[in-house]
Amino acid sequence: MDCNSFRKNVYDFIEGGTDQNLTREMEAHAKACEECREYLEQTEKAISMIRPACDVKASDALKENLRIIAAGARKTDGQRRKTIPMFKRYAAIAASVLVLLAGAVTTAGILLHSSTANAASETITRAQASEYFNNAVPPEPSSIRLKLNVRTSPNENFAYVTPVSGFVETVLTFVNKNNTMFWRIEKQNGRTIVCDGKRQYMWGRGGTKGYESHASYDGFAEGLLTLLPADINIIKGMTHICSTQSKYTLDTNDEGIIITVTSPAMGKGRDGKPLNSSIAESDSKTEYVFDSKTKLLKSYNVWMKVMGVYVKVIESTSIEYNKSVDMASMLKRPDNIKIWIDVTADHGMFAGSTAEQAVKKVFEAVTGGKAQSVKEVLFCYDIEKIDSMYGGAATVTVGKAYKEGTYAGVFVPVELKYKDGKVEKLTVAARNDNKGGAWTIDGGI
């Protein structure tokens with residue numbers, strides 16, 4: 001069993017919904033794989049965490065669902081932590097931490113009871129909501145710094161948000177200098193992006209390889225650059241990508257002016273259900289709290305719907321405007337990066353082939369000890385590591401490619417059968433949305 005299969009079946013496994021053979025495979029994999037063992041523990045904690053999320057205002061149906069979950073009797077479809085490609089995972093609608101900052105109105109869900117909502121909430125139109133968003137501009141804007149707690153993994157891309165992960169502090173710093181945007185986005189002990197006004201640089205913790213692009217590239221930051229104007233209005237423009245199904249409510253109390261935006265999941269799975277591997281692919285709720293006097297955004301929270309209950313996945317801990325920023329520190333890149341790969345350069349191979357044909361050619365080369373020959377397809381991977389993981393004669397079987405979620409490419413099932421009897425199953429993310437139509441693989445390996 002591979003990690004993708006384990007995580008796909010983890011909910012059923014926890015709830016006793018896997019058959020005897022699959023249960024044994026899951027137990028063996030959890031014992032052998034530290035990362036998946038930690039994932040299992042996080043998922044169990046998340047399910048436990050869900051129970052108190054139901055307050056006295058919950059519906060009878062919701063209470064019954066929670067009672068059944070607590071009894072361990074409810075069988076649900078397994079939540080999937082989908083293969084997460086490294087770049088531009090959600091091209092249609094970016095749903096990363098960054099996009100949530102600039103436009104989470106695309107991906108909210110059914111309105112729940114929260115600390116700020118009350119029965120007097122007023123339904124408003126998209127145009128009315130836009131007025132509040134457009135007015136959230138600090139006087140003489142020069143910088144903004146946000147600290148968010150996000151349920152994610154440190155080295156995953158910024159689109160990856162899931163209720164089964166622990167909170168990771170994510171800090172976003174933006175500086176407007178002479179109408180040029182400089183910024184840094186950093187997960188604690190994890191992935192970081194820096195823009196020096198001309199180029200973007202992205203790297204993860206450890207390793208010697210980093211990635212770069214031109215300043216306007218939106219693949220690293222998952223759409224942030226198309227939404228963030230030079231005046232540092234962090235939410236102006238968010239309504240440009242609102243779902244037509246989004247609903248807005250307005251509330252006021254001692255905390256300030258509260259706009260809550262709700263929308264259904266985008267890009268659902270093959271079974272028609274939300275994937276819950278990002279905000280965009282989940283039913284979710286987003287809440288913005290504006291200061292009554294300054295009109296500036298002062299609080300920001302996001303919830304995702306899991307098994308009928310909403311779990312908070314993003315919370316702001318501070319939002320600071322026009323504070324002094326040490327530019328040298330903000331733009332600093334790590335000394336250990338020896339190679340910077342330009343992701344906007346021409347990469348890929350096998351233009352004109354189907355996804356299945358391209359993926360099969362790649363794995364035949366890799367298992368045949370010729371990974372270097374397909375390095376342009378695997379440009380975002382460490383080729384030596386790929387060779388060590390999958391090298392060795394094997395029979396390659398490729399299944400039918402399919403679309404799922406908001407990913408711009410397709411997912412291709414791959415089965416590797418080695419001479420020693422070992423069988424490995426993967427779900428590979430492949431895309432050819434470049435000028436030449438050449439295929440690249442950016443997830444699932």
Side-chain angles (χ1 to χ4, degrees), residues 94-106 129-150 152 158 161 167-188 191-198 200-202 215-218 220-241 255-259 261 279 286-302 314-332:
S96 62
V97 175
L98 314 179
V99 171
L100 288 170
L101 164 65
V105 290
T106 59
S130 298
E131 300 239 346
Y132 290 93
F133 299 146
N134 291 336
N135 288 333
V137 184
E140 300 181 0
S142 61
S143 71
I144 180 170
R145 180 180 176 87
L146 297 95
K147 289 186 178 181
L148 306 175
N149 285 331
V150 183
T152 184
F158 290 96
V161 179
F167 278 115
V168 175
E169 184 178 69
T170 304
V171 180
L172 306 92
T173 305
F174 305 98
V175 175
N176 180 2
K177 191 173 183 179
N178 299 324
N179 291 323
T180 298
M181 286 296 296
F182 302 85
W183 48 271
R184 182 185 185 95
I185 303 161
E186 184 171 12
K187 291 185 181 183
Q188 186 177 28
R191 184 169 293 199
T192 301
I193 312 172
V194 162
C195 179
D196 64 7
K198 296 180 180 179
Q200 290 183 45
Y201 302 90
M202 183 180 75
S216 61
Y217 181 66
D218 63 359
F220 294 161
E222 307 286 350
L224 172 69
L225 298 181
T226 63
L227 297 171
L228 186 71
D231 61 7
I232 314 195
N233 177 353
I234 60 171
I235 54 177
K236 181 180 178 182
M238 65 169 63
T239 54
H240 294 173
I241 58 169
E255 292 189 43
I257 302 166
I258 302 115
I259 301 275
V261 190
I279 304 298
T286 304
E287 179 184 78
Y288 304 86
V289 181
F290 300 91
D291 187 279
S292 300
K293 295 181 179 180
T294 66
K295 309 303 180 185
L296 297 179
L297 183 70
K298 70 174 188 177
S299 179
Y300 172 76
N301 299 283
V302 181
I314 297 179
E315 60 182 11
S316 61
T317 58
S318 71
I319 303 178
E320 298 178 326
Y321 298 90
N322 294 340
K323 297 291 185 179
S324 177
V325 176
D326 184 336
M327 294 294 290
S329 296
M330 188 183 82
L331 299 178
K332 182 176 176 55

CZ on Phe220 to OG1 on Thr192, rounded to 0.5 Å
12.5 Å
Using the rule given for side-chain contact (heavy atoms from CB on, under 4.5 Å), can you reason through Lys298 versus Ile319, listing the C-alpha separation, both sets of side-chain angles and the distance that settles it, and then say yes or no?
CA-CA 6 Å; Lys298 70 174 188 177; Ile319 303 178; 5.7 Å; no
Reported CZ-to-CE distance for the pair Phe182 and Met327, which is rounded to 0.5 angstrom
5.0 Å
Can you tell me how far apart OG (Ser299) and CD (Glu287) are? Round to the nearest 0.5 Å.
6.5 Å
Does Ile193 reach the side chain of Trp183, with side-chain heavy atoms less than 4.5 Å apart?
yes
For the student: nearest non-hydrogen atoms of Ser143 and Lys323, plus distance:
OG-O, 2.8 Å
Between Phe158 and Val150, is there a side-chain heavy-atom distance shorter than 4.5 Å?
no
Which heavy atom of Lys332 sits nearest to which heavy atom of Val194, and what is that distance?
O-CG2, 4.2 Å
Using side-chain heavy atoms (C-beta onward) and a distance below 4.5 Å, is Arg184 in contact with Val175?
no
For Thr294 and Asp291, which heavy atoms make the closest approach, and how far apart are they?
N-OD1, 2.9 Å
Nearest 0.5 Å, what's the SG-CE distance between Cys195 and Met330?
8.5 Å
Validation row, ring centre Tyr300 to ring centre Tyr288 under 6.0 Å
yes
I need the Arg191 CZ to Thr170 OG1 distance, nearest 0.5 Å.
12.0 Å
Sorted by chain and residue number, the side chain to side chain contact (heavy atoms under 4.5 Å, CB included) partners of Glu131 (sequence neighbours excluded) come out as none
Residues passing the side-chain hydrogen bond (donor to acceptor under 3.5 Å, both in side chains) test with Asn322, sequence neighbours excluded, are Ser142
Looking only at heavy atoms, what is the nearest atom pair of Val168 and Thr152, with distance?
CG2-O, 3.6 Å
In short, Glu255 meets Val289 closest at the heavy-atom pair O-CG1, 3.8 Å
Determine whether a donor-acceptor pair (N or O, by modelled atom type, separation under 3.5 Å) exists between the side chain of Glu169 and the backbone of Asn149.
no
Roughly how far apart are Phe167 CZ and Thr317 OG1, rounded to 0.5 Å?
11.0 Å
Do you know the tightest heavy-atom contact between Ile144 and Tyr321?
CD1-CE2, 3.6 Å
Assess whether side-chain contact (heavy atoms from CB on, under 4.5 Å) is satisfied between Val325 and Phe174, documenting all intermediate values.
CA-CA 9 Å; Val325 176; Phe174 305 98; over 6 Å; no
